[in-house]
Amino acid sequence: MLIAYESKKSIEELRKALEANAIEKNFGVMAVHDISKTLENKGFALHYPCLILEICSPRFAQQVLEQNPEVSTALPCRIALYEYKSHRIVATLSPRKTIELFKAPGLHKVAEEVENILKEIMQKSV
């Protein structure tokens, strides 16, 4: 269910590359959550950097939501970036596997296309 790649780039370099490559593939960057800083600000230190990028393609979102509004609970696509035990990882959940949870067979083709694009964005970024 998890799609993950390791990188030698810094977390900030990965973030910039992911943002640029997402935009290149017509996915907008909706938000970037710095989970480690948020937890630290709440008094719960995380001992490694962890960011989550939320990206979305309006074209794919519209296609999916017109067929099944329940899928909105899984949108937008999230890509995690974290450094754990000296490994920098870029990861996301498989859209193909996620769409199976909704029992919406008509969405498998769209989910597969989105997954392929996410893989391209992530592979190009690492």
Report task. Could you give me the CA-CA distance, side-chain angles and deciding distance for His33 and Thr38, then say whether side-chain contact (heavy atoms from CB on, under 4.5 Å) is met? Result -> CA-CA 8 Å; His33 304 282; Thr38 299; 5.9 Å; no
Query raised in the report: According to a 4.5 Å side-chain heavy-atom criterion applied to Ile, Leu, Val, Met, Phe, Trp and Tyr, with indirect links allowed, do Leu14 and Leu51 form part of one hydrophobic cluster?
Result: yes
Requested in this report: Over 60° means perpendicular and under 30° means parallel, so classify the ring planes of Tyr48 and Tyr84, tilted if in between.
Outcome: perpendicular
Query - Glu6 with Arg88: basic N within carboxylate O range, under 4.0 Å - result: no
Query - Short side-chain to backbone donor-acceptor contact, Lys37 and Pro49, under 3.5 Å - result: no
Query - Lys/Arg N to Asp/Glu carboxylate O, Glu115 vs Lys97, below 4.0 Å - result: no
Query raised in the report: Heavy-atom count around Glu70 CD within 6.0 Å, excluding the residue itself: above 12?
Result: no
Query raised in the report: Do you see a donor-acceptor pair shorter than 3.5 Å between the side chains of Gln63 and Gln67?
Result: no
Query raised in the report: Is it true that atom NZ of Lys119 has more than 12 heavy atoms of other residues, nucleotides or ligands lying nearer than 6.0 Å?
Result: yes
Query raised in the report: Between Thr92 (side chain) and Arg78 (backbone), is there a donor-acceptor pair under 3.5 Å?
Result: yes
Query - Hphob cluster co-occupancy, Leu18 + Ile89, side-chain heavy atoms under 4.5 angstrom - result: no
Query - Chi angles and distances behind the side-chain hydrogen bond (donor to acceptor under 3.5 Å, both in side chains) call for Asn21, Ser125 - result: CA-CA 7 Å; Asn21 292 323; Ser125 299; 2.8 Å; yes
Query raised in the report: Is the shortest side-chain N to carboxylate O distance from Arg15 to Glu19 below 4.0 Å?
Result: yes
Requested in this report: Please identify each residue that fulfils side-chain contact (heavy atoms from CB on, under 4.5 Å) with Ser10, with sequence neighbours left out.
Outcome: Glu12, Glu13
Report task. Grab the two heavy atoms, one from Ala74 and one from Thr98, that are nearest each other, plus how far apart they are. Result -> CB-CG2, 4.0 Å
Query raised in the report: Quick one: do Leu81 and Ile35 end up in the same hydrophobic cluster if we chain Ile, Leu, Val, Met, Phe, Trp and Tyr together by side-chain heavy atoms under 4.5 Å apart?
Result: no
Requested in this report: Look at the side-chain heavy atoms of Ile, Leu, Val, Met, Phe, Trp and Tyr, link any pair under 4.5 Å apart, and say whether Leu107 and Ile3 land in one connected group.
Outcome: yes
Report summary line: Of all heavy-atom pairs linking Leu118 and Cys77, the shortest is CD1-SG, 4.0 Å
Requested in this report: Write down the atom of Pro58, the atom of Cys56, and the distance for their closest heavy-atom approach.
Outcome: CD-O, 3.6 Å
Query - In one Ile/Leu/Val/Met/Phe/Trp/Tyr side-chain cluster, 4.5 Å: Ile52, Leu39 - result: yes
Requested in this report: Would you give the length of the straight line joining atom SG of Cys50 to atom CD1 of Ile11, rounded to the nearest 0.5 angstrom?
Outcome: 8.5 Å
